[in-house]
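Proteins get letters first, then strands, A, B, ... in listed order; numbering begins at 1 in each.
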Protein chains: 2
Amino acid sequence: MKKTTENTLYDVAELFKNFADSTRIRILHCLFENERSVNEIADLLNMNQSAISHQLRILKNSKLVKNRREGKTIYYSLDDDHVYNIICQGIEHVEE
Amino acid sequence: MKKTTENTLYDVAELFKNFADSTRIRILHCLFENERSVNEIADLLNMNQSAISHQLRILKNSKLVKNRREGKTIYYSLDDDHVYNIICQGIEHVEE
DNA sequence: AATATATATGAACAAGTGTTCATATATTCA
DNA sequence: TGAATATATGAACACTTGTTCATATATATT
């Protein structure tokens, strides 16, 4: 394995910050199967639209989700298999 | 795969909180090869002993590290292969 | 018992974070 | 163009978190 530098470890911490909030984990998890609109996500999680929108922006900036517009609606989906894998490994850990 | 409940996702977020701080990631990373004493860790990370001790308690409570006493010295080590694997996956993600 | 060394802990403080509210922007449809 | 719907954004606030300082506890040594 490549040598892990100090800087890499800072970036890893930054990455994990995204997964360190239950709202964001729930958002990411509900994107496991399908893409979903902002309002769908808000309904599913029973939270208000603004809160979801703020969190989606964080996930977007970190490139963990991507989105596409279709008319008025914006659909979000996971950007990367890594996201799925990291969360699955977290789930496995806590389910033991 | 087992059905993921809402509670599981909360626990997953709690788990990832441990990895969401660069001090804790650096502590865990420096335990990859060897167990290490508190002062060794503090020296390696160039941080004061109290800060390290506080963080080690958090990691201990979450069962990510374990420790053993040998005289005055307390040696910490990773508690679980999952910890190593999750961090490695994080490293791979950011190194791409 | 007294001293030195290793680690842990509590209080305090600064900095960061997530949600809400109000409002702005963008798109569609009548 | 005006109204309706979907999403985004900024400000404010409460809450959490990481570090430092001072000090406590535990062990070893003399």
Side-chain angles (χ1 to χ4, degrees), chain A residues 6 9-31 34-79, chain B residues 6 9-31 34-79:
Chain A
E6 201 74 350
L9 295 178
Y10 280 99
D11 292 344
V12 171
E14 287 305 307
L15 172 67
F16 283 126
K17 280 183 189 170
N18 291 296
F19 302 113
D21 174 74
S22 63
T23 300
R24 286 192 296 273
I25 283 282
R26 287 160 75 220
I27 290 175
L28 293 169
H29 181 258
C30 85
L31 300 177
N34 299 311
E35 64 177 6
R36 294 194 193 276
S37 73
V38 178
N39 276 333
E40 272 179 316
I41 297 172
D43 287 349
L44 277 167
L45 307 201
N46 200 29
M47 291 185 62
N48 83 46
Q49 176 269 320
S50 179
I52 299 300
S53 204
H54 280 296
Q55 298 301 341
L56 283 170
R57 183 175 40 167
I58 292 172
L59 295 171
K60 183 90 190 317
N61 288 341
S62 306
K63 303 213 195 319
L64 302 184
V65 301
K66 59 184 191 254
N67 60 15
R68 69 182 183 88
R69 175 181 284 279
E70 192 175 308
K72 280 177 295 194
T73 306
I74 297 184
Y75 291 99
Y76 282 83
S77 55
L78 300 186
D79 190 326
Chain B
E6 201 75 350
L9 295 178
Y10 280 99
D11 292 344
V12 172
E14 288 304 309
L15 171 68
F16 283 126
K17 280 182 189 170
N18 291 295
F19 302 113
D21 174 75
S22 62
T23 300
R24 285 192 296 274
I25 284 282
R26 288 160 75 221
I27 290 175
L28 293 169
H29 182 258
C30 84
L31 299 177
N34 299 310
E35 65 177 4
R36 294 195 193 274
S37 72
V38 179
N39 276 334
E40 270 180 316
I41 298 171
D43 287 350
L44 276 167
L45 307 201
N46 201 28
M47 291 184 61
N48 83 46
Q49 175 269 320
S50 179
I52 299 301
S53 205
H54 279 297
Q55 298 301 341
L56 283 170
R57 182 173 42 167
I58 292 172
L59 296 171
K60 182 90 189 315
N61 288 341
S62 306
K63 304 216 197 314
L64 302 185
V65 300
K66 59 183 192 257
N67 59 17
R68 70 181 181 87
R69 175 182 284 276
E70 193 175 307
K72 282 176 292 190
T73 306
I74 297 184
Y75 291 99
Y76 282 82
S77 56
L78 300 185
D79 190 325

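- Between A:Leu31 and A:Tyr76 the shortest heavy-atom distance is CD2-O, 3.4 Å.
- Distance check: B:Ile25 CD1 to A:Asp11 CG gives 11.0 Å after rounding to the nearest 0.5 Å.
- Partners of B:Asn18 according to the side-chain contact (heavy atoms from CB on, under 4.5 Å) rule, which considers only residues two or more places apart in sequence or in another chain, are B:Ile58, B:Leu59, B:Ser62, B:Leu64.
- Comparing A:Gln55 and B:Tyr75 by the nucleotide of DNA chain C that holds the closest heavy atom to each, the one mapping nearer the 5' end is B:Tyr75.
- Of the residues in residues 40-54 of chain B, B:Gln49, B:Ser50, B:Ser53, B:His54 come within less than 4.0 Å of DNA chain C through at least one heavy atom, sorted by number.
- Between A:Thr73 and A:Asn39, the closest side-chain pair of non-hydrogen atoms is not below 4.5 Å.
- Axis angle, first five pairs versus last five pairs of the helix from C:dA1-D:dT30 to C:dA30-D:dT1: 20°, rounded to 10°.
- Qualifying salt bridge (charged side-chain N to carboxylate O under 4.0 Å, His left out) partners for B:Arg68, counting only residues two or more places apart in sequence or in other chains: B:Glu35, B:Glu70.
- Applying the salt bridge (charged side-chain N to carboxylate O under 4.0 Å, His left out) rule to B:Glu40 yields no partners; only residues at least two apart in sequence or on another chain are considered.
- Minimum interatomic distance between B:Lys66 and B:Leu78 (heavy atoms only, all atoms of both residues): NZ-O, 3.4 Å.
- Taking CG of A:Asn61 as the reference point, atom CG of A:Leu56 lies at 11.0 Å (rounded to 0.5 Å).
- When each of B:Asp21 and A:Arg57 is assigned the nucleotide of DNA chain D with its nearest heavy atom, A:Arg57 is the one assigned upstream, toward the 5' end.
- B:Asp21 CG to A:Glu14 CD: the interatomic distance, rounded to the nearest 0.5 Å, is 9.5 Å.
- Residues from residues 63-73 of chain A placing a heavy atom under 4.0 Å of any atom in DNA chain C, listed by number, are A:Arg69, A:Gly71, A:Lys72.
- Annotation: ring-ring contact (aromatic ring centres under 6.0 Å, His included) contacts of A:Phe19 (sequence neighbours excluded): B:Phe16.
- Between B:Gln55 and B:Arg24, the shortest heavy-atom distance links the atoms OE1-NH1, 2.7 Å.
- Close approach of DNA chain C to chain A, defined as any atom under 4.0 Å from a non-hydrogen atom of the protein, starts and stops at C:dG18 to C:dT28.
- In this structure, OG in B:Ser22 is found 6.5 Å from NZ in A:Lys17, a value given to the nearest 0.5 Å.
- B:Tyr76 comes within 4.0 angstrom of sugar-phosphate atoms only, judged by non-hydrogen atoms across all strands, and of no base.
- At a cut-off of 3.5 Å, with distance as the only test, no side-chain donor of A:His29 or A:Arg26 sits close to an acceptor on the other residue.
- Counting heavy atoms from C-beta outward, B:Val38 and B:Asn67 have side chains that stay 4.5 Å or more apart.
- Between atom OG1 of residue B:Thr23 and atom OH of residue A:Tyr10 there is a gap of 6.5 Å, rounded to the nearest 0.5 Å.
- Within residues 22-30 of chain B, the residues that have a heavy atom under 4.0 Å from DNA chain D are, in order of number, B:Thr23, B:Arg24.
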Under 3.5 Å, side-chain donor or acceptor atoms of residues 42-49 of chain A against the rest of the protein: list the pairs with distances, not counting sequence neighbours.
| residue | atom | partner | partner atom | Å |
| --- | --- | --- | --- | --- |
| A:Asn48 | OD1 | A:Ser50 | N | 2.9 |
| A:Asn48 | OD1 | A:Ala51 | N | 3.0 |

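- For DNA chain C, none of the residues of residues 9-19 of chain B falls under the heavy-atom distance limit of 4.0 Å.
- Annotation: salt bridge (charged side-chain N to carboxylate O under 4.0 Å, His left out) contacts of B:Arg36 (sequence neighbours excluded): none.
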